[in-house]
**Student:** 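Take this structure first; my questions come after.
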Number of protein chains: 2
Amino acid sequence: MASASVKDVAALAQVSVGTVSNVLNRPEIVAPETVERVMSAMQKLSYVRNEAARQLRLGHSQALGLITLSGGNPFFTDLATAAEDAAADAGYSVIVGNSNNLREREAGYLGLFEELRVRGVLLSPVADPARRLRQLRDRGIASVLVDRVSTDESFSSVSVDDVAGGALAASHLIDSGRTRLAFVGGPLEIRQVSDRLEGARREVEKHPGVSIEVVPVAELTVMEGRRAGEQLVQRPPAQRPDGVFAANDLVAVGLLQGLFINGRVAIPEDIALVGYDDIMFASASVVPLTSVRQPSHLIGQTGVSILLEEAEDPDLEPRHVLYQPELVVRRSSSLTATD
Amino acid sequence: MASASVKDVAALAQVSVGTVSNVLNRPEIVAPETVERVMSAMQKLSYVRNEAARQLRLGHSQALGLITLSGGNPFFTDLATAAEDAAADAGYSVIVGNSNNLREREAGYLGLFEELRVRGVLLSPVADPARRLRQLRDRGIASVLVDRVSTDESFSSVSVDDVAGGALAASHLIDSGRTRLAFVGGPLEIRQVSDRLEGARREVEKHPGVSIEVVPVAELTVMEGRRAGEQLVQRPPAQRPDGVFAANDLVAVGLLQGLFINGRVAIPEDIALVGYDDIMFASASVVPLTSVRQPSHLIGQTGVSILLEEAEDPDLEPRHVLYQPELVVRRSSSLTATD
DNA sequence: TTGAAAGCGCTAACAT
DNA sequence: ATGTTAGCGCTTTCAA
């Protein structure tokens, strides 16, 4: 059996195709009994609406595109889930792509989304994509930056104050008496990374006698964090930092392992550790991890709602939502933490 | 500027729309100079093909659907990545949905994919979906089961022998002298879980003096594994198992933590631990984890290639590919492991 | 090698 | 309240 179309349904229900379309899209304007009849015809023919045709007619699809920086990072998984839920409420679906921090991948997905005529795109960009986004806007595709502000103010954004987050982490470490800090993270081209470092630096500068060094990693992964930890353990204890701020929780978890396995470094006694993102794994790790929490859920949700409004009305003023991060203290930085 | 269409391109290049379509789809049959002219017109108008129209005309889209059981499980992330790559090579994109082990979610995605007229679907099913898949086949949508065999042989499948995997884990534990085994996993309705247990049981039965108990968990997550570990630690040491087989690596990592934190249980000395999936995190965890490796990459790749062949020719005999799992020994079960 | 034209399934404007 | 119809952008015969 080939797919039944509105025409077939109309024939069986003895109405016109227009009426069938109406029961699909505005059932309230058609007589109840007619609705009934059409519905049962659909049932009988197991009719399934053809999205392609609908989309062709409408001029755009009922889908939103989302490009995240990293598929493996639970922060983005959470964000994506929230976006999917919010979009579903509005009758949209979400197509997700991961750029893995690669420019060409990002460009590839943007191209795909353009062919698909998505209604809008939610983007956590690798580099500043203002030029490309302006092209998309010209074809009627709205976009909102997530977890990142554009240098160009003309695109809406939903992000978290990474500089404040970095400051939060550093000041917590300093308040608990640490004076030789280290920031473990990289590459610095990732804006989130450099902002967090920047925030930490500012805090350090306010406190004479406190220093901070940068321990670079190639990627924000568990393996890289572990490598950095093992490296730290090689140093004579006096030259090790006593407070470490990791650029994200994956790196922090890796550090936890590198420091433990090779060096039996006591955490938090010898080194206090603070991560970033507060992923589900943070509270579940060997030493529960102090972390800077970002409202991943809220970011996804807000991103979608702004995107949908702008898709509706392209002349809306761009908005910039900036959430504040929050410090969650656990044992990795405090012996008295309850968790 | 609204989107340019083939018509606009044709006008500018002074050719017919048919020719434009040809340079898009079979450039070899059109004169080189014409190709040139059309291409430059496309460039000038920044033409982007409208997938919806193409799809409407073709009768199906250039996309494949993939439904996984769990978005948080790296095994499925890997599988999905492999599927995307394989699909991309054939000019298809992949739309991914996570059922999270929920029947209604699975049904929802199947419905969405049907509306989208995807070319085929790759499915790691919650329950046996033969009925529904037959409907899809009737509308020309092929399907292949991944990581699971249907009771109904009429659908192709690509899976890994979970019974063999369970046997592998148990026999390794028994060979290293463990006699009181425990299987930590659940819910047993998940076929992968019950098969792994079944395999372990068979192995235990071959060895008099060896026993196995089941410690159930509600979900295959780190948190649940940790809870099970803490529970195990409550018991007097003599009543604890000396060899534990976890239904997957997330659970195993949780166990690692539960056993460590509360009980300072030595791993592998007091309890040897084996996980399943060999996710990236297994080798990077505090005590590197022995695990049963599944060729996630291969599964995704093979799944896509079978799916595409069946989409091409619906009358093909269903095929059933069964890969064998492989044991990767690390410290969590062996003091002499190099890793 | 290229052009002309039909038609995929749908929605919305207009007519009844 | 319902019917009729044009047309979205594309691919693909068929004809020239």
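First the proteins, then the strands, lettered A, B, ... as listed; each starts at 1.
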**Student:** Quick one about B:N98 and B:T68 (side-chain donor to acceptor, distance below 3.5 Å, no hydrogens or angles considered), yes or no?
**Tutor:** yes

**Student:** Please set out all donor-acceptor pairs under 3.5 angstrom arising from side-chain atoms of residues 127-136 of chain B, sequence neighbours excluded.
**Tutor:**
from	atom 1	to	atom 2	distance (Å)
B:D128	OD1	B:A130	N	3.1
B:D128	OD2	B:T151	N	3.0
B:D128	OD2	B:T151	OG1	2.6
B:R132	NH1	B:Q135	OE1	3.2
B:R132	NH2	B:E114	OE1	2.9
B:R134	NH2	B:D152	OD2	2.8

**Student:** Test: side-chain hydrogen bond (donor to acceptor under 3.5 Å, both in side chains). Region: residues 78-93 of chain B. Which pairs qualify, not counting sequence neighbours?
**Tutor:** B:Y92-B:R119

**Student:** Please assess A:N50 against B:E115 for the test side-chain hydrogen bond (donor to acceptor under 3.5 Å, both in side chains), listing each intermediate value before the final yes or no.
**Tutor:** CA-CA 5 Å; A:N50 184 327; B:E115 286 196 0; over 6 Å; no

**Student:** With A:S296, which residues qualify under side-chain hydrogen bond (donor to acceptor under 3.5 Å, both in side chains), at least two apart?
**Tutor:** none

**Student:** Measure the distance from CD on A:E28 to C1' on D:dT2 and round it to the nearest whole Å.
**Tutor:** 15 Å

**Student:** Got a donor-acceptor contact below 3.5 angstrom from the A:D8 side chain to the A:S5 backbone?
**Tutor:** yes

**Student:** Which residue pairs pass the side-chain hydrogen bond (donor to acceptor under 3.5 Å, both in side chains) test when at least one of the two sits in residues 102-111 of chain A, sequence neighbours left out?
**Tutor:** none

**Student:** In degrees, rounded to 10°, what is the bend between the two ends of the helix from C:dT1-D:dA16 to C:dT16-D:dA1, using five pairs at each?
**Tutor:** 30°

**Student:** Show me the donor-acceptor pairs, under 3.5 Å and distance only, between side chains in residues 58-67 of chain A and residues at least two apart or in other chains.
**Tutor:**
from	atom 1	to	atom 2	distance (Å)
A:S61	OG	A:A63	N	3.2
A:S61	OG	A:R117	O	3.2
A:Q62	NE2	A:G91	O	3.4

**Student:** Give every residue pair that meets the side-chain hydrogen bond (donor to acceptor under 3.5 Å, both in side chains) criterion with at least one member in residues 297-307 of chain B, sequence neighbours excluded.
**Tutor:** B:T302-B:Y323

**Student:** Closer to the 5' end of DNA chain C via nearest nucleotide, is it B:R37 or A:Y47?
**Tutor:** B:R37

**Student:** For a 4.0 angstrom threshold against heavy atoms of chain B, report the outermost contacting nucleotides of DNA chain C in 5' to 3' order.
**Tutor:** C:dT1 to C:dG9

**Student:** Enumerate the residues from residues 49-59 of chain B whose closest heavy atom to DNA chain C is under 4.0 Å, giving them by residue number; use none for an empty result.
**Tutor:** B:L56, B:R57

**Student:** Strictly distance-based, threshold 3.5 Å: is any side-chain N or O of A:N100 a donor or acceptor partner for the main-chain N or O of A:L102?
**Tutor:** no

**Student:** For DNA chain C, which residues in residues 14-26 of chain B have a heavy atom at a distance below 4.0 Å?
**Tutor:** B:Q14, B:V15, B:S16, B:V17, B:T19

**Student:** For a quick test of your reading: what N or O donor-acceptor pairs under 3.5 Å do the side chains of residues 34-45 of chain A make, sequence neighbours left out?
**Tutor:**
from	atom 1	to	atom 2	distance (Å)
A:R37	NH1	A:A13	O	2.5
A:S40	OG	A:R37	O	3.4

**Student:** Using atom CE of B:M42 as one end and atom C1' of D:dG9 as the other, report the distance to the nearest whole Å.
**Tutor:** 13 Å

**Student:** Return a table of donor-acceptor pairs under 3.5 angstrom between the side chains of residues 307-321 of chain A and protein atoms on other chains or two or more places apart.
**Tutor:**
from	atom 1	to	atom 2	distance (Å)
A:E309	OE1	A:R319	NH2	2.6
A:E310	OE2	A:S156	OG	2.5
A:D313	OD1	A:D315	N	3.0
A:H320	ND1	A:S157	OG	2.9
A:H320	NE2	A:E153	O	3.1

**Student:** Taking all heavy atoms of A:A83 and all of A:L122, pick out the closest pair and write down the distance.
**Tutor:** CB-CD2, 4.2 Å

